[in-house]
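Let me begin by presenting the structure, written as structure tokens, before commenting on it.
Values in this document were obtained by computation on a predicted structure and should not be read as measured data. Lettering follows sequence order; numbering is per chain, from 1.
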Protein chains: 2
Amino acid sequence: MTLAEQAYQKVRWDIISGALPPNQPLRLEQLKQRYGVGFSPIREALNRLQSDRLVVNVALKGFTVAPISAADMWDAIESRCLIECDALRRSIEKGDDAWEAQVVAAYHALMLKAKSVSRLPRPLSEAELRALEDRHYAFHRALIIGCQSQWLLDFADKLYVETERYRFPNLRDAAPLPDRDIGNEHQTLMTTVLARDADKATELLRAHYRSTGHILTELMGPLTTA
Amino acid sequence: MTLAEQAYQKVRWDIISGALPPNQPLRLEQLKQRYGVGFSPIREALNRLQSDRLVVNVALKGFTVAPISAADMWDAIESRCLIECDALRRSIEKGDDAWEAQVVAAYHALMLKAKSVSRLPRPLSEAELRALEDRHYAFHRALIIGCQSQWLLDFADKLYVETERYRFPNLRDAAPLPDRDIGNEHQTLMTTVLARDADKATELLRAHYRSTGHILTELMGPLTTA
DNA sequence: CAAGGCAATATTTTCGAAAATCTATGTTTA
DNA sequence: TAAACATAGATTTTCGAAAATATTGCCTTG
């Protein structure tokens with residue numbers, strides 16, 4: 001893997017996880033030392049992150065971590081509903097046995113990790129958070145991967161990352177994951193998907209995202225200007 | 001404007017217009033001379049174009065112009081239907097007077113240019129093509145700009161560019177724009193939008209994109225493997 | 001004659017310095 | 001005192017060379 005790719009992954013994670021908070025100026029010299037690489041890989045990483053909308057860049061004035069706001073969160077959530085619901089519908093229509101197997105596997109991997117993590121003391125370590133995060137992503141991606149549209153999958157990826165920026169900071173110090181997350185919504189969703197009930201599945205997915213949004217809106221509260 | 005930004009615009013246009021054909025290897029040294037800038041701005045431009053899916057990059061093996069295929073074209077078209085129809089619906093619901101005025105203005109600007117261009121000899125000059133292209137983009141963007149979702153607008157932009165890659169090569173040497181393009185579909189669409197008939201407008205938009213797709217599929221014919 | 005390895009070439013990736021640009025501070029002047 | 005200008009500092013942008021890596025062609029060897 002090239003240095004630029006490594007830098008991209010690291011900065012991306014630091015932004016999602018909140019180590020680099022919203023609106024933080026990203027001085028090139030500083031990042032160069034922090035990640036131990038030269039200017040070029042850093043610049044390349046920052047450029048890629050810009051099209052992920054994780055950093056913003058004004059010409060000749062440098063990069064900063066993209067701001068967050070309740071409005072942007074809801075924009076991302078609603079856009080995600082639109083795109084993933086359509087992708088899920090197509091997956092359910094076109095998905096074969098291998099796809100079903102992948103969904104089941106991803107679900108169980110997520111649940112296993114979620115349960116083991118729920119027994120750990122807070123705050124969770126960076127490694128545990130990352131592992132949980134990866135499996136959560138894998139599950140949601142497995143649902144829609146049968147849609148046979150690279151564009152929709154790309155868009156879903158971008159929106160997933162964006163929404164994680166809001167979900168994540170609340171995960172680290174949160175009490176053990178509430179039953180809502182572990183048992184109910186994900187399982188019901190998977191069952192409905194496997195039953196090939198597209199209407200109900202998309203409705204569940206939409207409700208899942210929106211309820212998460214409402215909870216986060218509560219938690220953000222006065223912080224929405226951050 | 002920075003050199004990187006200029007390089008980005010130029011390479012982007014050269015790919016859309018077909019001057020740099022699909023699968024063409026993009027040697028850095030070569031591009032450096034072609035656009036008269038150093039390595040860094042070129043690399044930055046190429047990186048941005050990669051996330052637009054106009055170029056592909058395999059690590060340590062360089063950049064190439066992204067391939068095209070009928071399958072990819074239809075993926076882009078159908079994704080565009082999904083996203084723009086939803087955005088159009090929201091525009092129609094939320095758009096104010098200023099939005100309506102913008103739609104009307106963009107439509108007339110497009111028609112004016114289309115009519116003047118239709119009287120010009122073929123093949124059209126690069127400048128005329130660019131001007132027509134800009135107004136076509138402006139019209140379609142005006143329709144959905146009232147949707148109040150930056151994410152949907154971003155996605156629509158990406159898909160617009162992608163579909164232009166297929167439409168454009170047929171424009172340069174084509175006979176004067178057929179009546180279908182000039183008079184009928186765009187005007188009917190605008191009228192319906194201004195009448196705030198969301199159901200009919202989205203159906204027209206969908207039909208507009210799909211019929212374009214069918215025509216292009218015909219024209220591509222055996223070239224789909226290119 | 002084919003297959004594997006080695007050297008030569010081509011290309012990308014990375015780096016550090018130089019140039020260009022912006023921001024902040026202090027000085028002068030009306 | 002306030003506004004305008006000039007200077008100094010900080011930061012980004014750009015460049016060209018050096019390092020790292022892949023590809024190609026040739027030679028050796030079985």
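Taking atom CD of A/Glu44 as the reference point, atom P of C/dC15 lies 12 Å away to the nearest angstrom. Taking atom CD of residue B/Gln30 and atom C1' of nucleotide C/dT12, one finds them 14 Å apart after rounding to whole Å. Residue A/Lys32 contributes atom NZ, which lies 8 Å from atom C1' of C/dC15 at whole-angstrom precision. The distance between atom CG of A/Asn57 and atom C1' of D/dT11, rounded to the nearest whole Å, is 12 Å. Across the protein-nucleic acid pair, B/Met1 atom CE and C/dT21 atom P stand 14 Å apart, rounded to whole Å. Atoms CZ (A/Phe63) and P (D/dT13) sit 6 Å apart, rounded to a whole Å. One interatomic measurement links the two molecules: OH of B/Tyr35 to P of D/dT14, which rounds to 16 Å at whole-angstrom precision. Rounded to whole angstrom, the span from the CG atom of A/Leu46 across to the P atom of D/dT11 amounts to 15 Å.
Among the nucleotides D/dC15, C/dC15, C/dT12, the one closest to any side-chain atom of B/Ser40 is D/dC15. Closest approach to the A/Pro41 side chain among C/dT14, C/dG16, C/dT13 is made by C/dT14 (side chain taken as heavy atoms from C-beta onward).
If you check every strand for non-hydrogen atoms under 4.0 Å, B/Arg43 touches a base. B/Leu26 comes within 4.0 angstrom of the backbone, heavy atoms only, and of no base. Using a 4.0 Å heavy-atom criterion, one finds that B/Thr2 contacts the sugar-phosphate atoms exclusively. Counting any heavy atom pair closer than 4.0 Å across all strands shown, B/Ile42 reaches no nucleic acid atom. Using a 4.0 Å heavy-atom distance criterion, A/Leu3 is classed as a sugar-phosphate-only contact.
Under a 4.0 Å N-O distance rule, the pair B/Arg130/B/Glu133 does not qualify as a salt bridge. Electrostatic pairing of A/Lys158 and A/Asp154 does not count as a salt bridge here, judged by no charged N lying under 4.0 Å from a carboxylate O. Using a cutoff of 4.0 Å between basic side-chain nitrogens and carboxylate oxygens, B/Glu128 and B/Lys113 are scored as salt-bridged. Salt bridge A/Arg48/A/Glu5: present, at least one basic N to carboxylate O contact under 4.0 Å.
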Find every protein N or O atom lying less than 3.5 Å from an N or O atom of nucleotides 19-24 of chain D, and list the pairs.
{"unit_1": "D/dT23", "atom_1": "OP1", "unit_2": "B/Lys61", "atom_2": "NZ", "d": "3.1"}

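A centroid separation of 6.0 Å or more is found between the aromatic rings of A/Tyr166 and A/Trp74.
Residues B/Tyr137 and B/Glu164 have side chains that never bring a donor and an acceptor to within less than 3.5 angstrom of each other.
Relative ring orientation between B/His140 and B/Tyr160 is described as tilted, the plane-to-plane angle lying within the 30° to 60° band.
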